[in-house]
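So the structure is just underneath, and the comments pick up after that.
Computed from a prediction, not measured in an experiment: that's the story for all the values here. For reference, positions follow the sequence shown, starting with 1.
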Amino acid sequence: MPGYIGCPYDLNMSGEFEKAKLIFEYDEELNKKMDFDPVIYYFDEEEQDLMPLETTVIGNKAMAITTHFSEYVLAVSYTHLTLPTTSRV
């Protein structure tokens, strides 16, 4: 699918947790593209849509905290979504 940076991951586990840190590593050359803004999304089964997580980018790693497991994918920020926030450190 256009905009995806790699494949989606279906994350799950037995037991409970409060939060987990997701880290996606990607080709550092992508940072040189002016409109490159990576965001981690999860698939909301109820809405049948990708939902952005607050994503922090350091070098060639995009990171986000989640409170639930689902399908996750790293993608270029979709302009029709207004929620994604990315901060560069």
Side-chain angles (χ1 to χ4, degrees):
M1 176 175 232
Y4 280 21
I5 305 164
C7 298
Y9 295 92
D10 187 3
L11 303 177
N12 57 63
M13 67 174 274
S14 60
E16 295 182 21
F17 70 99
E18 288 184 32
K19 61 184 176 179
K21 185 176 192 175
L22 305 173
I23 301 174
F24 285 78
E25 192 170 343
Y26 58 87
D27 184 350
E28 200 161 2
E29 289 295 311
L30 293 172
N31 286 330
K32 295 178 182 178
K33 295 183 177 192
M34 187 175 285
D35 60 349
F36 183 69
D37 185 20
V39 174
I40 297 172
Y41 293 87
Y42 72 91
F43 183 69
D44 184 322
E45 290 185 23
E46 203 170 287
E47 295 292 325
Q48 292 293 296
D49 200 3
L50 292 174
M51 306 303 283
L53 292 176
E54 185 173 329
T55 303
T56 301
V57 177
I58 300 174
N60 66 327
K61 293 180 182 170
M63 297 166 269
I65 301 295
T66 187
T67 57
H68 69 285
F69 281 134
S70 181
E71 280 188 63
Y72 293 90
V73 67
L74 181 64
V76 174
S77 177
Y78 292 105
T79 57
H80 75 277
L81 295 174
T82 57
L83 295 176
T85 56
T86 301
S87 59
R88 292 195 178 269
V89 177

Check: Between NZ of Lys19 and CD1 of Ile65, what distance do you get to the nearest 0.5 Å?
Finding: 6.0 Å
Checklist line | Ile58 and Met63: CA distance, side-chain angles, deciding distance, side-chain contact (heavy atoms from CB on, under 4.5 Å) verdict | finding: CA-CA 8 Å; Ile58 300 174; Met63 297 166 269; 3.5 Å; yes
Check: How far apart are the C-alpha atoms of Tyr41 and Thr55, what are their side-chain angles, what is the distance that settles it, and do they pass the side chain to side chain donor-acceptor pair (under 3.5 Å) test?
Finding: CA-CA 9 Å; Tyr41 293 87; Thr55 303; over 6 Å; no
Margin query: Checking the side chain of Asn31 only, and the main-chain atoms of Gly59 only, is there a donor and an acceptor separated by less than 3.5 Å?
Written below: yes
Note to self: Tell me whether Asp44 contacts the main-chain N or O of Glu47 through its side chain, where contact means a donor paired with an acceptor under 3.5 Å.
What the structure shows: yes
Note to self: Please find the pair of heavy atoms, one from Leu74 and one from Pro38, that lie closest to each other, and give the distance.
What the structure shows: CD1-CB, 3.8 Å
Margin query: Which label fits His68 and Tyr42: parallel for a plane angle under 30°, tilted from 30 to 60°, or perpendicular past 60°?
Written below: perpendicular
Next item on the list: Can you see which heavy atom on Val39 is nearest to which on Leu53, and at what distance?
Entry: CG1-O, 3.8 Å
Checklist line | Among Tyr4, Phe69, Phe43, Phe24, the one residue meeting ring-ring contact (aromatic ring centres under 6.0 Å, His included) with Tyr9 | finding: Phe24
Checklist line | Minimum heavy-atom distance Glu71-Pro8, with the two atoms named | finding: OE1-CB, 4.4 Å
Notebook entry, point to check: If you look at every heavy atom in Leu11 and Tyr72, which pair is closest and at what distance?
Noted result: CD1-CD1, 3.8 Å
Margin query: Checking the side chain of Asp37 only, and the main-chain atoms of Val76 only, is there a donor and an acceptor separated by less than 3.5 Å?
Written below: no
Margin query: Go through it in stages, so that I can follow the logic: the residues are Lys21 and Ile23, the test is side-chain contact (heavy atoms from CB on, under 4.5 Å), and I'd like the CA-CA distance, side-chain angles, deciding distance and then a yes or no.
Written below: CA-CA 7 Å; Lys21 185 176 192 175; Ile23 301 174; 4.3 Å; yes
Notebook entry, point to check: Do Met51 and Leu22 belong together in a cluster built from hydrophobic side chains that touch within less than 4.5 Å?
Noted result: yes
Item checked: Heavy-atom side-chain proximity of Val57 to Tyr26 below 4.5 angstrom -> yes
Next item on the list: Determine, step by step, whether Asn60 and Glu25 satisfy the side-chain contact (heavy atoms from CB on, under 4.5 Å) criterion, reporting the C-alpha distance in whole Å, the side-chain angles of both residues, the deciding distance to 0.1 Å, and the verdict.
Entry: CA-CA 6 Å; Asn60 66 327; Glu25 192 170 343; 3.6 Å; yes
Next item on the list: Can you see which heavy atom on Gln48 is nearest to which on Glu45, and at what distance?
Entry: NE2-O, 2.6 Å
